[in-house]
Amino acid sequence: MLAKLQTFSLLGIDAVPVEVEVDVSPAGLPKNVLVGLPEAAVKESTHRVERAMVNSGFVRPQSRVVINLAPADLPKDAASFDLPIALGILAGSGQIESDRLGQYAVVGELALDGTMRPTKGALSMAMTAAKQDGLRGMLVPSPSAGEAAVVEGIDVMAVSSLTQAVSFLTGEIDIEPCPSRLDDLFRELAVYDFDFSDVRGQEMAKRALCVAAAGGP
Amino acid sequence: MIGPPGSGKTMLAKRMPTILPDLNPGESIETTRIYSTVGRLKPGQPLLATRPFRAPHHTISNAGLVGGGSVPGPGEISLAHNGVLFLDELPEFNRQTLEVLRQPLEDGTVTISRALSSTTFPANFMLIAALNPCPCGYRGDPRRNCHCTPPQIERYMSKISGPLIDRIDIHIEVPSVPFRDLSGGKPGTSSAEMREQVMSARRIQSTRFAGSRTRHNADMTHRQTRQFCRLDDEGRNLLKASMTELGLSARAHDKILRTARTIADQEASDAIEPMHLNEAVNYRMLDRDLWT
Ligand SMILES: [Zn+2]
């Protein structure tokens with residue numbers, strides 16, 4: 001069976017949409033094939049995903065699993081493909097059924113016990129997700145959800161484990177989207193914990209820095 | 001900033017963001033995005049709402065400073081985007097590394113080229129650099145004797161000459177502080193007071209440059225410099241005399257005028273007065289032949 005998921009790859013500081021296709025078909029021996037210009041971090045993904053699945057109570061398919069990351073010409077170098085690959089294997093092998101898979105992009109690195117690790121570039125990914133037609137939301141590891149939620153126009157769902165992501169996607173549970181707290185965060189965080197009054201006896205230098213700041217960067 | 005060790009150059013530089021205008025949400029997201037992609041956001045701090053301050057060590061590689069890697073990622077100058085990049089012990093930096101800063105200083109972005117593609121990262125930062133007045137650091141310092149020889153000093157200072165230093169608008173001396181000032185009674189001028197001066201000068205500039213691509217005095221074109229930095233006879237003579245006496249270049253000439261404009265703006269003075277000009281001339285200390 002073939003499963004398709006939406007995720008993102010970072011190119012510099014921009015996130016580019018990537019489709020993860022997972023095809024699970026009967027075979028004599030279990031085998032994983034990963035195609036679509038994966039770099040080292042993604043190649044390691046299949047090992048992490050297998051353990052995370054098993055340790056979350058799912059079954060590793062005894063079949064041939066082909067994972068394709070498209071577009072193929074885009075280099076992919078991040079552990080954030082773990083979650084889409086794991087969910088793709090579960091859907092492709094018929095262990096889960098989900099109507100929500102088409103509406104939510106998924107990103108995140110998995111620990112071997114199936115919990116989620118923070119993802120680099122979650123903010124850029126949310127910015128790209130918000131511009132994509134047909135996407136309602138995005139599943140983001142809890143530690144990275146705050147930065148992603150700053151973006152308007154996309155529901156950011158914080159998930160802390162593979163199990164929780166599965167429960168949400170199969171409709172077993174609902175998750176409230178993270179609120180965009182841009183204004184609050186600004187008020188809370190726009191403070192410096194040091195001040196020029198800490199510097200004594202360098203009034204000439206301070207005067208010059210004032211002129212530098214006033215004249216523009 | 002030129003001064004001996006312990007005079008407070010790093011403390012001063014680190015506080016520069018506190019007197020710059022507040023980040024707006026758009027700038028904040030731009031900078032946060034860069035930290036996010038390299039996994040540098042601190043837990044519990046999903047947004048960078050203050051201007052960043054980066055102080056890379058002089059042993060940093062080219063790629064570490066400007067960005068690079070097999071899939072190019074941003075470097076220190078992009079982490080300093082919308083904030084301050086501080087290079088302590090400037091002469092210790094690899095010269096080539098410093099030359100790479102020229103493009104970003106001009107464009108506010110850095111482009112990393114590969115055989116098949118190129119990647120551009122934002123890198124709009126204010127550069128602050130610090131150095132000692134001589135290799136041992138204590139030249140002119142009453143606390144300790146300096147035994148550096150003139151050729152040693154010349155060699156040391158020559159490491160920073162060239163195109164990068166030409167792009168630095170203001171040079172100042174940061175002398176060691178007598179102990180009684182360090183421990184003594186009244187606190188120094190606060191960030192809030194300094195920031196008020198900065199903001200009032202910036203308000204004058206936004207009116208001046210309304211409808212122009214220029215936003216600050218520092219970015220004025222040669223033509224704008226002539227238009228907005230008119231001097232009276234006294235000022236013209238003063239500038240001419242300083243140029244000759246100190247052997248200043250044509251490039252320094254315009255920089256002095258632009259800096260004098262800012263000093264006058266801070267006092268809400270339409271005219272550039274001789275004292276504004278004098279102060280601006282004093283901010284070109286590295287142009288002088290004091291060092292050889
Ligand atoms: Zn010395």
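Throughout, protein chains are lettered first and strands after them, A, B, ... in sequence-line order, and every chain is numbered starting at 1.
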Participant: Kindly check if the number of other-residue, nucleotide or ligand heavy atoms within 6.0 Å of CZ (A:Arg136) is above 12?
Facilitator: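 Count not over threshold, so no.
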Participant: Answer with side chain, backbone, both or neither: which region of B:Val84 has an atom nearer than 4.5 Å to a non-hydrogen atom of chain A?
Facilitator: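 Answer is neither: B:Val84 stays 4.5 Å or more from chain A.
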Participant: Hey, which of B:Pro25, B:Gly44, B:Gly73 has the most heavy atom pairs under 4.5 Å with chain A?
Facilitator: B:Pro25
Participant: If you measure from CG on B:Leu23 to CG on A:Leu189, what distance do you get to the nearest 0.5 Å?
Facilitator: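 The distance works out to 11.5 Å.
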Participant: Given a strict heavy-atom distance threshold of 4.5 Å, which part of B:Arg51 is in contact with chain A: side chain, backbone, both, or neither?
Facilitator: both
Participant: Does A:Gly215 offer a backbone N or O that forms a donor-acceptor pair with the side chain of B:Asn217 under 3.5 Å?
Facilitator: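 No, because the side chain of B:Asn217 does not come within donor-acceptor range (under 3.5 Å) of the backbone of A:Gly215.
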Participant: Looking only at heavy atoms and a cut-off of under 4.5 Å, which of A:Val150, A:Val211, A:Leu10, A:Leu185 has the most pairs with chain B?
Facilitator: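 Among the listed options, the one with the most contacts to chain B is A:Val211.
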Participant: Sub-3.5 Å donor-acceptor pair from the side chain of A:Tyr192 to the main-chain atoms of B:Pro17, do we have one?
Facilitator: yes
Participant: Against chain A, work out which of B:Gln197, B:Arg215, B:Gln205, B:Met220 has the most heavy-atom pairs shorter than 4.5 Å and name it.
Facilitator: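 Of the options given, most contacts go to B:Gln205.
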Participant: Roughly how far, to the nearest 0.5 Å, is the OG atom of B:Ser190 from the CG atom of A:Asp195?
Facilitator: 5.5 Å
Participant: Could you report the tightest heavy-atom contact between B:Pro46 and A:Gly146, atom names first, then the distance?
Facilitator: CB-C, 3.6 Å
Participant: Can you confirm whether more than 12 heavy atoms, excluding those of B:Arg208, are under 6.0 Å from its CZ atom?
Facilitator: yes
Participant: Report the option among B:Thr259, B:Asp169, B:Val38 that has the most heavy-atom pairs separated by less than 4.5 Å from atoms of chain A.
Facilitator: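 Among the listed options, the one with the most contacts to chain A is B:Val38.
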Participant: Counting only heavy atoms closer than 4.5 Å, note whether B:Ser78 contacts chain A via side chain, backbone, both or neither.
Facilitator: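 Contact with chain A: none, neither part.
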Participant: Taking atom CZ of B:Arg143 as the centre, does the number of heavy atoms from other residues, nucleotides or ligands within less than 6.0 Å exceed 12?
Facilitator: yes
Participant: Which pair of non-hydrogen atoms, one from A:Gly216 and one from B:Ala218, has the smallest distance, and what is that distance?
Facilitator: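 Smallest heavy-atom distance, with atoms named: O-CB, 3.9 Å.
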Participant: Using only atom types and a distance under 3.5 Å, with no angle test, would you say the side chain of B:Thr37 pairs donor to acceptor with the backbone of A:Gly121?
Facilitator: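 No.
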Participant: For the atom pair CG (A:Leu209) and CD1 (B:Ile170), what is the distance rounded to the nearest 0.5 Å?
Facilitator: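 So the CG of A:Leu209 and the CD1 of B:Ile170 are separated by 8.5 Å.
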Participant: Does atom CZ of B:Arg54 have more than 12 heavy-atom neighbours from other groups under 6.0 Å away?
Facilitator: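 Enclosed.
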Participant: Given heavy-atom pairs under 4.5 angstrom as the criterion, report whether the side chain, backbone, both or neither of A:Val151 touches chain B.
Facilitator: neither
Participant: Give me the atom names and distance for the closest heavy-atom approach of A:Ala205 to B:Val174.
Facilitator: CB-CG2, 4.1 Å
Participant: Considering only heavy atoms, which portion of A:Val199 lies under 4.5 Å from any heavy atom of chain B: side chain, backbone, both, or neither?
Facilitator: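 Its backbone and side chain both get close to chain B.
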Participant: Where on B:Asn24 is there a heavy atom nearer than 4.5 Å to chain A: the side chain, the backbone, both, or neither?
Facilitator: backbone
Participant: Evaluate the side-chain proximity of B:Ile29 to A:Leu123: yes if any heavy-atom separation is below 4.5 Å, no if none is.
Facilitator: yes
Participant: Taking all non-hydrogen atoms of both residues into account, name the closest pair between A:Gly12 and B:Thr119 and its distance.
Facilitator: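 Shortest heavy-atom contact: CA-CG2, 4.4 Å.
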Participant: Tell me the side-chain hydrogen bond (donor to acceptor under 3.5 Å, both in side chains) pairs involving residues 203-217 of chain A, sequence neighbours left out?
Facilitator: A:Glu203-A:Lys206, A:Glu203-B:Thr189, A:Arg207-B:Glu279
Participant: If we ignore hydrogens and angles and just use 3.5 Å, is the side chain of A:Arg200 paired with the main-chain N or O of B:Gly188 as donor and acceptor?
Facilitator: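 Such a contact is absent between A:Arg200 side chain and B:Gly188 backbone.
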Participant: Any side-chain to backbone donor/acceptor pair from A:Gln202 onto B:Ser176? Under 3.5 Å, distance only.
Facilitator: no
Participant: With chain B as the partner, which of A:Glu39, A:Met125, A:Met204, A:Met127 has the greatest number of non-hydrogen pairs under 4.5 Å?
Facilitator: A:Met127
Participant: If you round to the nearest 0.5 Å, how far is CG of A:Asp14 from OG1 of B:Thr120?
Facilitator: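 These two atoms lie 10.0 Å from each other.
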Participant: Under a 4.5 Å heavy-atom cut-off, does chain A meet the side chain of B:Ser36, its backbone, both or neither?
Facilitator: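 Both backbone and side chain.
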Participant: Are B:Leu47 and A:Glu147 close enough that some pair of their side-chain heavy atoms sits under 4.5 Å apart?
Facilitator: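 Heavy-atom side-chain distance check fails, nothing below 4.5 Å.
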Participant: Is there a side-chain contact between B:Gln266 and A:Cys210 (heavy atoms, below 4.5 Å)?
Facilitator: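 A side-chain contact under 4.5 Å exists here.
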Participant: Hey, is B:Arg15 close enough to A:Asp198 for a salt bridge, meaning N to O under 4.0 Å?
Facilitator: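 Here B:Arg15 pairs with A:Asp198 in a salt bridge, since their nearest N and O are under 4.0 Å apart.
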Participant: With distance as the sole test, does B:Arg33 use its side chain to make a donor-acceptor pair with the main-chain N or O of A:Ile13 at under 3.5 Å?
Facilitator: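 Indeed, once roles are kept as given, a pair shorter than 3.5 Å links the two residues.
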Participant: Measure distances from B:Lys9 to the heavy atoms of chain A and classify the residue's part below 4.5 Å as side chain, backbone, both or neither.
Facilitator: neither
Participant: How about B:Leu12 and A:Phe196: do any of their side-chain heavy atoms sit closer than 4.5 Å?
Facilitator: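 With C-beta onward as the side chain, the pair touches.
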